[in-house]
Amino acid sequence: MFKKLARCVREYKTPTILTLVFIVCEAIIETLIPFITADLVNQIKYGAGMDVITQKGILLAVMAVISLCCGGIAGFSCAKASAGFAKNLRHDLFGKIQTFTFANIDKFSSTSLVTRMTTDVANVQMSFMMLIRTAIRSPLMLLFSVIMATYMGGALAGLFVVVIPVLAGGLLLIAHHAMPAFRRVFKKYDRLNESIEENVRGMRVVKGFSREGYEKEKFGKAADSICADFTRAERIVSLNTPLMQFCIYFNMGFVLLIGSRMAINGSGVDVGQISAMLTYGFQILMSLMMLSMIYVMLTMSAESAKRICEVLDELPDMAEPEAPVTQVADGSIEFENVNFKYAKGAKKNSLEGIQLRIRSGMTVGIIGGTGSGKSSLVQLIPRLYDATEGTVRVGGRSVKDYSIESLRNEVAMVLQKNLLFSGTIKENLRWGNPNATDEELVQACKLAQAHDFVTSFPEGYDTMIEQGGTNVSGGQKQRLCIARALLKKPKILILDDSTSAVDTKTDALIRAGFRQYIPETTKIIIAQRISSVEDADLIVVMENGKIESAGTHEELLQSSTIYREVYEQQVNGKEDTANA
């Protein structure tokens, strides 16, 4: 785990090493200053003149300035190194997530991935900063201070044989009891973020059903749970300060009491040595205190590091072939004995025994009830998921033979949940073709019946779309997503119930645009309305993950009970509406 994270240092190795070098210099100087100060005190006691005092004073001032400069440079380089490390870590995480399939994302959940890229990376960044600065400085200060205290204090240094184990043991005990609470918090962060994301995304639904109180209560429970764990942990960690204060004052009292007696009795201890012992004692105890805080932080971040490495170690559910095909010959599609399930441990297949051949350029309609497997079927074509058994072919080749990028460049999907990104309408449309001209944008929007409402906005195609497309209606969003797909000029176009929010006249005009603009493209239309698919070359009726029947509109009216019932219900519904 450490090696994997250390790779993210990369171009920031120099500031990392500089931090270590200057921290060592700072620690050495800080442990020498009390030694020189003690010598100066002793010389003043024995009648040193102003020349000696001036000389020592200048030396101390120079050392203080050097220590300050070393600390400042170390702080600057440490900040640069830790921020750069976090930047690289986020970059690697984001790049890894981009390789994930839907199955990989389902495994972690989107909110958990966001938490890992924000809260967890921030924790690891803090630990990295402490490792290259405080975690180096504190042990060095502890070591140097113990050496100098032993050299300066003689018998007085025996105090640390008692104080150090007491403080170290107490701090470790405190950290040990605080850690379980800190570890629990990270999983609860996932649930808290999930609550926030759901509430923000579904704000209109929440307000529509007046469920603000329920959402507040749900969020409050998640926040209270995190607060309780943090309160428990911080309550335990707060014992650090009184323990530290006890050890410091005990050290001061012991040194002043015993040292003064030894100095009065002429036992080889001088005033300067007592002064140095007080300073070194403080440095030793503070170093131990910082080490305990480092231990707490590292233990906390160990859980974050583990969660980050889980993402970095995750293997994409789909692998690129060794010699990938990069050209899709045409838009023909074939399903041969295809079975599919979303999870390996699932007892039931979502799709079973699928046999289907679609010629290039055909218009294919797919209808069926909720959960019949319509969306699952079309998601196998661009390899959003892989078939569990059987073979899916596009252009005469198995989809697994293509590079994923090449295959998906030739398959345009307009999904059930239409998504527009923050930016202008032009920027959203150019997701389909980054090099599309303004004329091509207008043409695609006209074919998708979006041009009229786009030009009705004061800024036209430069109108800003808010996050998630919340400032346009559902039908407008669908038409913009269709225009975006048309700009791709794909060999296969899949519309997954993407005209449900437009009226039947607009739906018919959109389909007419398809016949005119992309006649050679294979068009697959998933719809609930018979009118959206009745003029298709082939209509597939699905039920319980299987193809119940397939044929033209006229053929299915004769052969498919399901299709005929749906048709009659919709026709009768129209007649009833007209009579009313």
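Quick caveat: nothing in here was measured; it's all calculated off a predicted structure.
- Atom NZ of Lys489 has 12 or fewer neighbouring heavy atoms from other residues, nucleotides or ligands inside a 6.0 Å radius.
- Atoms CG and CD, from Asp507 and Gln478 in turn, are 9.5 Å apart once rounded to the nearest 0.5 Å.
- Residues that satisfy the salt bridge (Lys or Arg N to Asp or Glu O under 4.0 Å) test with Glu405, not counting sequence neighbours, are absent from this structure.
- Side-chain atoms of Tyr342 and Ser376 include a donor-acceptor pair closer than 3.5 Å.
- Going from atom CG of Leu315 over to atom OG1 of Thr99 covers 9.0 Å, rounded to the nearest 0.5 Å.
- The distance from atom CD of Glu548 to atom CD1 of Ile562, rounded to the nearest 0.5 Å, is 4.0 Å.
- Put simply, the side chain of Arg307 reaches to within 4.5 Å of the side chain of Thr115, judged on heavy atoms.
- Phe335 is listed as a side-chain neighbour of Ile381, based on a closest heavy-atom distance under 4.5 Å.
- The environment of Phe457 atom CZ is dense: over 12 non-hydrogen atoms of other residues, nucleotides or ligands sit within 6.0 angstrom.
- Counting only distance, with no hydrogens or angles, the side chain of Ser360 and the backbone of Gly331 share a donor-acceptor pair below 3.5 Å.
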**Request:** Apply side chain to side chain contact (heavy atoms under 4.5 Å, CB included) to the pair Asn88 and Val9, showing each step before the final yes or no.
**Result:** CA-CA 7 Å; Asn88 288 342; Val9 176; over 6 Å; no
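- Ring geometry for Trp431 versus Phe421: interplanar angle under 30°, hence parallel rather than tilted (30 to 60°).
- Residues Phe340 and Leu380 meet the side-chain proximity criterion, which asks for heavy atoms closer than 4.5 Å.
- A side-chain donor-acceptor contact under 3.5 Å links Thr19 and Ser77.
- For the salt bridge (Lys or Arg N to Asp or Glu O under 4.0 Å) condition, the pairs that include at least one residue of residues 391-401, sequence neighbours left out, are Glu334-Arg393, Glu336-Arg393, Arg397-Asp401.
- The shortest distance between side-chain heavy atoms of Leu384 and Met413 falls below 4.5 Å.
- In this structure, Ile492 CD1 and Leu407 CG are separated by 7.5 Å, a value rounded to the nearest 0.5 Å.
- The nearest pair of heavy atoms linking Leu429 to Ala483 is CD2-CB, 3.8 Å.
- The only member of Leu377, Ile366, Leu351, Ile354 that meets side-chain contact (heavy atoms from CB on, under 4.5 Å) when paired with Ile547 is Ile354.
- When all heavy atoms are compared, the tightest approach of Val124 to Ser304 is CG2-CB, 4.0 Å.
- By the 4.5 Å heavy-atom criterion applied to side chains, Leu487 and Leu441 are counted as neighbours.
- At most 12 heavy atoms of other shown residues, nucleotides or ligands fall within 6.0 angstrom of atom CD in Gln327.
- Within 6.0 Å of atom CE in Met362, more than 12 heavy atoms from other residues, nucleotides or ligands are found, so the atom counts as buried in its surroundings.
- Between Val328 and Val411 the shortest side-chain heavy-atom distance does not fall below 4.5 Å.
- Between atom CZ of residue Phe128 and atom CG of residue Leu5 there is a gap of 10.0 Å, rounded to the nearest 0.5 Å.
- The line from CG of Asn428 to SG of Cys481 is 8.0 Å long, rounded to the nearest 0.5 Å.
- With sequence neighbours excluded, no residue forms a ring-ring contact (aromatic ring centres under 6.0 Å, His included) with Phe76.
- Take Glu314 and apply the salt bridge (Lys or Arg N to Asp or Glu O under 4.0 Å) test, not counting sequence neighbours, and it matches Lys107.
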N/O donor-acceptor pairs under 3.5 Å from side chains in residues 79-87, not counting sequence neighbours:
{"residue": "Ser82", "atom": "OG", "partner": "Cys78", "partner atom": "O", "Å": "3.0"}
{"residue": "Ser82", "atom": "OG", "partner": "Ala79", "partner atom": "O", "Å": "3.2"}
{"residue": "Lys87", "atom": "NZ", "partner": "Tyr12", "partner atom": "OH", "Å": "3.1"}

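- Taking the side chain as every heavy atom from C-beta outward, Leu447 and Ile482 never approach each other to under 4.5 Å.
- Looking at heavy atoms from C-beta onward, Arg479 lies in side-chain contact with Thr506 at the 4.5 angstrom threshold.
- Identified under the salt bridge (Lys or Arg N to Asp or Glu O under 4.0 Å) test for residues 319-333, with sequence neighbours left out: none.
- Enclosure of atom NZ in Lys546 is not indicated, since only 12 or fewer non-hydrogen atoms of other residues, nucleotides or ligands lie within 6.0 angstrom.
- Within 6.0 Å of atom CZ in Arg359, 12 or fewer heavy atoms from other residues, nucleotides or ligands are found, so the atom counts as exposed in its surroundings.
- Taking all atoms of both residues into account, the shortest heavy-atom contact from Asp496 to Ser375 is OD2-OG, 2.7 Å.
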